[in-house]
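One structure is given here, and the rest of the page talks about it.
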Amino acid sequence: MAVATVSSPKPSRRLPLELIGGWEVGLILFMALLYLVGVFINPVFFGKADALVSVLRDTARVGIMAVGMTFVIVNKDLDLSVGSTVGLVATVFSICFARSHYDLGIVPSILAAVAFGVAVGLVNGFLVTTLRVPSFITTLTMLFIGRGLVLGLTGGKTISYSDKATSDGGWFFALGANNGFGFNNQILVFALVALVGVFALAKTRWGYETYATGGNEMAASYAGIPTKRVRIRAYVLSALCATLAGLLNVAQDKGVTSQYGQGAELIVIAAVIVGGASILGGRGRVLGGALGAMLVTLIDKVLREGIPMTRIVKVGDVEMQVQGMAQLPPGAVPAFLGIILLLAVLIEPWIIRRQVFPRLLARLRGRPLPPLIEVGGVAIEGAQTKGSTASDKALRARGLGKFLARRDAAAIMLTIVLWAVGLYLRPDFWGSIDNSFNLLLSFTEVGLLSIGLTYVIANGDIDLSVGSVLALSGATAAFLMKQLGFDPWSAVFIALAAGAAAGFVNALLTVRFGLPAFVATLGMFYMARGIGAWMVAGRQLSGFSENFNLLGRKLIEVLRYFGIAPEPGSLAYEIAAALSVQTIFMLLVALVAGIVLAKTPFGQMVYATGGNRRAAEYAGINTNRVRFLSLVFSALCAAAAGVIYIAFLRSFNPSAGQLRELDAIAAVIIGGGSIFGGYGTVIGALAGAAVIALIRALLSLQVLLPDGSSFVMPQHWVNVFIGLILITAVLGDIWFRQGDLVGSIRRRFARRSTPAKGSAHA
């Protein structure tokens with residue numbers, strides 16, 4: 001009896017999923033569609049082959065950085081310092097190479113630049129892995145330190161060497177030029193780096209270790225994978241890619257400006273996330289990051305190029321047609337990029353992990369639904385505060401010891417010391433009443449931001465958007481009063497509402513959609529500033545009514561306005577002449593916020609939520625509501641600071657509040673707050689803000705030298721000092737406050753000095 005044989009169908013060949021998947025194919029199709037939209041909108045530019053070459057050239061540097069960032073994000077880390085690394089590397093190369101500076105050869109200049117780039121990666125990796133500083137704090141601090149170094153080393157000026165580039169190192173500068181085939185050599189470099197990155201992550205031990213570490217670091221450690229080394233390696237790779245991007249920049253431009261690399265970190269992170277990587281770690285492909293870089297660059301091109309248009313201009317009785325371009329106003333592009341970042345991050349928890357499209361397809365076909373992917377915790381937020389010996393001592397101490405055991409005592413004492421230093425250096429100026437109240441004036445802005453951030457940080461969250469919300473609120477008030485003719489108090493109310501709306505979005509994304517707070521507020525960081533610049537079209541607005549400007553004036557001017565000023569020469573007159581309205585407002589806000597945090601049930605809920613969120617929920621605390629209200633309150637404080645800012649300066653500048661988020665975070669941490677949550681006081685935050693204000697004042701103080709000359713520290717270096725202070729404060733919190741390092745060392749020496757039990761005396 002013959003047995004019928006049924007030939008099994010040959011398995012269909014599929015592309016290797018380690019290299020490419022459906023996500024990358026979808027990106028390619030979407031980019032093709034977007035390019036066609038560009039051709040339809042602006043055929044003059046996008047209808048030529050040069051447009052595609054231009055997009056690829058501009059993609060090259062972003063794509064190279066995205067290759068390194070993919071390793072970091074797959075590791076469940078983050079690198080916010082890549083933009084500053086690009087600027088720092090380009091600056092170091094330029095200083096070494098330019099005839100106006102050290103005039104070195106091309107090879108030593110490249111080696112110096114690469115050494116600085118590697119150093120940034122090693123420092124980032126060491127701080128994150130060995131010293132256990134959260135990655136976003138580490139790299140955010142490096143971002144500001146790097147930016148300060150760029151400003152300090154360049155002096156805020158352009159360094160150019162186009163003449164020397166033609167005679168020395170032609171092979172290097174050829175990397176930034178077009179080749180004989182009509183396209184830029186940077187595209188070839190990008191393709192080579194992307195191919196190496198694709199192979200390394202998909203087909204080598206480095207890649208397997210990266211996926212294992214990002215997927216489950218503890219399990220990877222038990223499997224024998226050196227997870228610390230893997231994470232440090234990723235930071236070094238990211239820094240090396242940023243170094244290469246910086247060198248390609250100077251090869252193309254034959255010079256450097258102090259703005260090099262500014263904002264690049266957002267574009268790179270957005271590119272990697274758009275490319276399919278998960279902010280939760282363990283998933284991502286280099287090809288996706290490279291395509292994401294191309295997509296983000298293409299979106300940027302479409303938004304910036306504008307739409308050709310023809311206007312009719314009448315000159316006398318003659319009508320003339322004028323060709324022009326309708327473009328989006330300044331600020332629109334960063335606002336859109338911030339939105340893209342947030343949408344890309346939301347795709348992971350709300351589309352991919354919920355299996356939206358596969359489950360929809362299964363329903364349509366009448367098949368069983370695929371299981372949902374298990375969503376773990378967000379390890380990137382870091383460990384939570386576990387308390388410290390110092391906290392136990394604070395409960396037992398009495399008198400002066402009780403004060404010294406407080407977490408905010410160091411900031412209060414440092415404020416006094418810095419004040420004494422200023423008095424010693426310039427007793428003729430520092431101790432005057434006017435100078436004292438002027439210091440309070442400069443301290444108000446950071447003080448208000450730090451009050452709101454105290455609640456957020458005590459919750460275990462972070463708000464990177466406070467400086468941008470300040471700018472958004474100021475832009476709203478200025479635009480309404482100057483352009484739309486609103487009365488001051490209606491403009492102030494709407495400006496505060498705009499700030500509260502930004503805080504509402506932050507809270508919604510963090511609490512409702514489950515994004516890490518630093519990711520949600522990083523997106524708002526760019527969106528709020530972009531919308532503010534968009535609103536005022538990138539211009540400075542001034543000329544507000546005087547009754548509005550009173551918010552930023554001295555108290556005596558307000559009393560004169562209402563006709564109740566005290567007599568000149570009296571003590572009341574002297575105080576009113578020195579004290580400002582904004583200082584009084586800040587002190588009132590601080591008083592109310594301090595009482596609520598220290599003496600009310602809501603304040604205890606804040607501490608409980610930050611100390612141990614799960615335990616707080618078991619105790620019946622609505623932790624989501626506590627976090628929500630704290631983020632909205634932080635934005636409201638920032639909005640109030642924005643209104644006061646434009647009243648004090650009598651104008652609005654789109655750069656308002658720039659870098660203030662670092663000052664405010666540093667103020668809270670210096671004042672005893674913990675970046676992991678559970679601690680923080682308003683008085684400590686104000687003391688920390690006073691430390692920041694005094695450091696800035698001391699660095700700008702004209703010091704009289706014995707020979708009669710004077711010296712003033714260039715303000716470009718201020719951000720370097722503030723960044724170093726912040727990282728020092730975070731390390732102090734981790735190792736001295738929480739880890740009780742001093743107590744551990746003391747106990748170890750005590751054990752060594754104690755004779756072993758059972759030993760006999762000779």
Side-chain angles (χ1 to χ4, degrees), residues 385 387-427 430-433 435-440 442-444 446-451 453-454 457-458 583 586-587 590-591 593-594 597-598 662-675 678-701 703 713 718 721-743 745-746:
T385 302
S388 66
T389 304
S391 301
D392 298 334
K393 289 179 179 178
L395 294 174
R396 299 193 303 266
R398 294 291 181 271
L400 181 61
K402 190 172 184 64
F403 169 75
L404 295 176
R406 289 171 57 102
R407 294 172 62 93
D408 51 16
I412 296 172
M413 291 187 293
L414 184 57
T415 301
I416 297 171
V417 169
L418 290 173
W419 177 268
V421 169
L423 191 62
Y424 171 76
L425 292 175
R426 286 293 304 273
W430 193 264
S432 65
I433 293 179
N435 179 60
S436 301
F437 283 105
N438 284 334
L439 284 173
L440 281 174
S442 62
F443 150 81
T444 302
V446 180
L448 275 172
L449 298 180
S450 65
I451 291 170
L453 267 175
T454 300
I457 291 178
T583 302
M586 184 208 65
L587 292 176
L591 180 64
L597 188 60
L662 181 70
D663 287 358
I665 294 170
V668 176
I669 304 302
I670 291 169
S674 172
I675 202 66
Y679 294 105
T681 62
V682 171
I683 190 172
L686 292 180
V691 169
I692 301 295
L694 287 170
I695 288 174
R696 288 189 179 276
L698 287 172
L699 290 176
S700 61
L701 186 65
V703 180
M713 171 69 74
V718 169
F721 285 96
I722 302 299
L724 291 174
I725 290 171
L726 172 58
I727 202 68
T728 302
V730 172
L731 288 173
D733 175 51
I734 293 172
W735 290 97
F736 289 94
R737 289 172 176 161
Q738 296 189 63
D740 193 23
L741 181 62
V742 175
I745 295 173
R746 187 170 57 246

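Model, not experiment: these values are computed from the prediction.
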Roughly how far, to the nearest 0.5 Å, is [atom2] of [Y] from [atom1] of [X]?
X	Y	atom1	atom2	result
Ile451	Leu686	CD1	CG	5.0 Å
Thr454	Ile669	OG1	CD1	9.0 Å
Leu448	Leu453	CG	CG	11.5 Å
Ile692	Ile725	CD1	CD1	5.5 Å
Leu425	Leu698	CG	CG	7.0 Å

Do the non-hydrogen side-chain atoms of Asp663 and Leu449 ever get within less than 4.5 Å of each other?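 Not touching, per the 4.5 Å side-chain cut-off.
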Do Leu418 and Ile695 have side chains that get closer than 4.5 Å, going by heavy atoms?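 Heavy-atom side-chain distance check passes, below 4.5 Å.
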Looking only at heavy atoms, which two atoms of [X] and [Y] are closest? And how far apart?
X	Y	answer
Asp408	Gly684	CB-CA, 3.5 Å
Val668	Ser450	CG2-O, 3.6 Å
Ala729	Ile670	CB-CG1, 3.9 Å
Leu597	Gly680	CD2-O, 3.7 Å
Phe443	Ala690	CE1-N, 3.5 Å
Val446	Ala689	CG1-CB, 4.0 Å

Is the backbone N or O of Tyr679 less than 3.5 Å from a side-chain atom of Ser674, with the two atoms forming a donor-acceptor pair by type?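 Answer holds: no.
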Could you walk me through whether Leu726 and Ile665 pass the side chain to side chain contact (heavy atoms under 4.5 Å, CB included) test, one step at a time? CA-CA 8 Å; Leu726 172 58; Ile665 294 170; 4.1 Å; yes
